[in-house]
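Contents: one structure, followed by commentary.
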Amino acid sequence: MKLVLIDMLLEICTNSFQSAKNAQDAGAHRIELCQELSVGGITPSYGLIKQVIENLKIPVFVLIRPRSGNFIYSDDEFKIMTRDIELCKKLGCHGIVSGVLNSIQTIDIERTKVLIELSKPLSFTFHRAFDEVANPEDALRQLIDLDVTRVLTSGQQSTAIKGLELLNQLKQLANGRITILPGSGINAKNANCFKVAGFTEIHASASSVIQQENSLFSKPQTVSNVQKIKAILDAI
């Protein structure tokens, strides 16, 4: 049987205005905007969202995650999430990236449903909290029932290439009802593997460490790299 390759969309995870601009300049199709990638990403500031929306043309999905750590939130934290979504809609964002789990590592259906309904008509991506669920097949069925647009996942492995077997199983189970968005460790060397496997979107940071002078409070900072993004686009 002849394998037919399909077009693929590249989403870049960006943690600053410069990263977002670099993603646009390199030709990426969409960005996920967040801050503090060193802890897995948290909700970006109002100022950053506004700056990106007003000055760039690339579609912007915003991560709604009030803190680092687990994905089990208090009532106060959940209220912050709902208000951040309302703010993102007013600012003109194109999509929301979020999700909530229960203490037993299952999807908190009621709270996730609230976030989805509040996000409408924007696209809703269930983020990598999915990689912590105990039963990914059941979780995917629940997300399909909730009318989630896509799920960002590494196939419950440290990198998406290591999780490719589960990713393929999830794509088959999804059967076009939800988009499986592979992410984590995707680069120019392995990006085409996901295209050949039939995925229509991939997620990458394609970043480089910024060299900084040493200081008491300095931590490694990263920025999306134009050349790395272009190399991924060339690969797909």
Side-chain angles (χ1 to χ4, degrees), residues 6-15 19-20 23-24 27-35 40-44 46 48-50 52-54 56-66 71 78 81-101 107-131 133 139-154 160 167 170-171 173-184 186 194 198-205 224 229 236:
I6 56 179
D7 291 333
M8 173 170 274
L9 180 149
L10 174 61
E11 174 183 274
I12 296 295
C13 183
T14 60
N15 61 348
S19 286
Q24 175 175 284
H29 305 107
R30 183 176 72 220
I31 63 169
E32 178 197 333
L33 186 64
C34 66
Q35 288 184 284
I42 59 173
T43 305
Y46 169 87
L48 176 56
I49 300 171
K50 196 169 191 293
V52 170
I53 292 293
E54 290 182 351
L56 302 179
K57 296 181 180 180
I58 192 169
V60 179
F61 286 9
V62 177
L63 176 66
I64 304 298
R65 186 186 180 204
F71 302 98
F78 188 70
M81 295 171 74
T82 61
R83 288 177 173 173
D84 280 338
I85 289 175
E86 291 172 345
L87 177 63
C88 287
K89 291 174 72 174
K90 290 178 182 178
L91 288 173
C93 298
H94 303 87
I96 298 297
V97 183
S98 194
V100 187
L101 299 183
I107 291 174
D108 187 328
I109 294 175
E110 292 306 314
R111 280 185 163 182
T112 300
K113 185 176 181 180
V114 170
L115 298 182
I116 294 167
E117 290 299 318
L118 187 60
S119 300
K120 288 181 178 178
L122 304 185
S123 174
F124 189 93
T125 301
F126 194 93
H127 57 35
R128 288 193 62 199
F130 184 87
D131 288 322
V133 299
L140 186 65
R141 293 186 185 95
Q142 291 171 337
L143 294 179
I144 291 171
D145 290 341
L146 288 171
D147 201 25
V148 168
T149 313
R150 67 182 56 76
V151 55
L152 171 61
T153 171
S154 63
L167 288 169
L170 294 172
K171 178 167 61 64
L173 176 60
N175 194 27
R177 295 173 293 173
I178 187 173
T179 298
I180 305 299
L181 174 60
S184 184
I186 294 181
F194 298 93
F199 293 93
T200 58
E201 303 182 3
I202 51 174
H203 171 101
S205 62
S224 297
I229 296 170
I236 60 174

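Every value quoted in this text rests on a predicted model; they were computed, and no experiment measured them.
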For this session: Kindly determine whether Phe130 and Leu170 satisfy side chain to side chain contact (heavy atoms under 4.5 Å, CB included), including the steps that lead there.
Result: CA-CA 12 Å; Phe130 184 87; Leu170 294 172; 3.8 Å; yes

| request: Given side chain to side chain contact (heavy atoms under 4.5 Å, CB included), test Val151 with Leu181 step by step and report yes or no. | output: CA-CA 6 Å; Val151 55; Leu181 174 60; over 6 Å; no

_Would Leu115 and Ile96 count as a side chain to side chain contact (heavy atoms under 4.5 Å, CB included) here? Give the steps._
CA-CA 9 Å; Leu115 298 182; Ile96 298 297; over 6 Å; no

### Message
One pair to check against side chain to side chain contact (heavy atoms under 4.5 Å, CB included): Phe194 and Ile236. What are the steps and the verdict?
### Response
CA-CA 9 Å; Phe194 298 93; Ile236 60 174; over 6 Å; no

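Thr149 places a side-chain N or O within donor-acceptor distance of the main-chain N or O of Phe124, the cut-off being under 3.5 Å. Under a 3.5 Å cut-off, the side chain of Gln24 and the backbone N or O of Lys57 do form a donor-acceptor pair. Side chain of His94 to backbone of Phe61: no donor-acceptor contact under 3.5 angstrom is found. Remark: the backbone N or O of Leu122 is not paired with any side-chain donor or acceptor of Lys89 at under 3.5 angstrom. A donor-acceptor contact shorter than 3.5 Å links the side chain of Asp131 to the backbone of Ser154.
Taken to the nearest 0.5 Å, the CD1 atom of Ile109 stands 10.0 Å off from the CD1 atom of Ile116. To the nearest 0.5 Å, the span separating OG1 on Thr200 from CE on Met8 amounts to 7.0 Å. Expressed to the nearest 0.5 Å, how far CD1 of Ile31 lies from OG of Ser224 amounts to 8.5 Å. In this structure, NZ in Lys171 is found 5.0 Å from CZ in Phe199, a value given to the nearest 0.5 Å. Here the CD1-CD1 distance, from Ile12 to Ile186, works out to 9.5 Å after rounding to the nearest 0.5 Å. Annotation: the span from Leu48 atom CG to Thr14 atom OG1 amounts to 7.5 Å, rounded to 0.5 Å.
Between Ile58 and Ala28, the shortest heavy-atom contact is CD1-O, 3.4 Å. Taking every heavy atom of both residues into account, Gly40 and Leu63 meet most closely at O-CD2, 4.4 Å. A pairwise comparison of heavy atoms in Leu10 and Ala204 identifies CD1-CB, 4.4 Å as the closest pair. Looking at every heavy atom in both residues, Ala160 comes nearest to Pro182 through CB-CB, 4.3 Å. Taking every heavy atom of both residues into account, Glu11 and Arg30 meet most closely at OE1-NE, 2.7 Å. Listed here is the closest heavy atom pair of Val62 and Cys88: CG1-SG, 3.7 Å.
A 4.5 Å side-chain heavy-atom check between Leu101 and Ile107 finds at least one atom pair inside the cut-off. Residues Arg65 and Cys34 form no side-chain contact, since every pair of their non-hydrogen atoms from C-beta on lies 4.5 Å or further apart. Residues Cys13 and His203 form a side-chain contact, since some pair of their non-hydrogen atoms from C-beta on lies under 4.5 Å apart. Looking at heavy atoms from C-beta onward, Glu86 lies in side-chain contact with Leu118 at the 4.5 angstrom threshold. Between Val100 and Met81, the closest side-chain pair of non-hydrogen atoms falls below 4.5 Å.
Pairs passing the salt bridge (charged side-chain N to carboxylate O under 4.0 Å, His left out) check and including a residue from residues 144-154, sequence neighbours excluded, read Arg150-Glu201. Contacts classified as side-chain hydrogen bond (donor to acceptor under 3.5 Å, both in side chains) and involving residues 109-118 (residues at least two apart or in different chains) are given here: Asp75-Arg111, Glu117-Lys120.
By the ring pair (Phe, Tyr, Trp, His ring centres under 6.0 Å) test, His127 pairs with Phe71, sequence neighbours left out.
Results of the side chain to side chain contact (heavy atoms under 4.5 Å, CB included) test with Leu56 over Val52, Val60, Ile53 single out Val52 as the only residue that passes.
Annotation for Arg177: atom CZ counts as buried by contact number, over 12 foreign heavy atoms lying within 6.0 Å.
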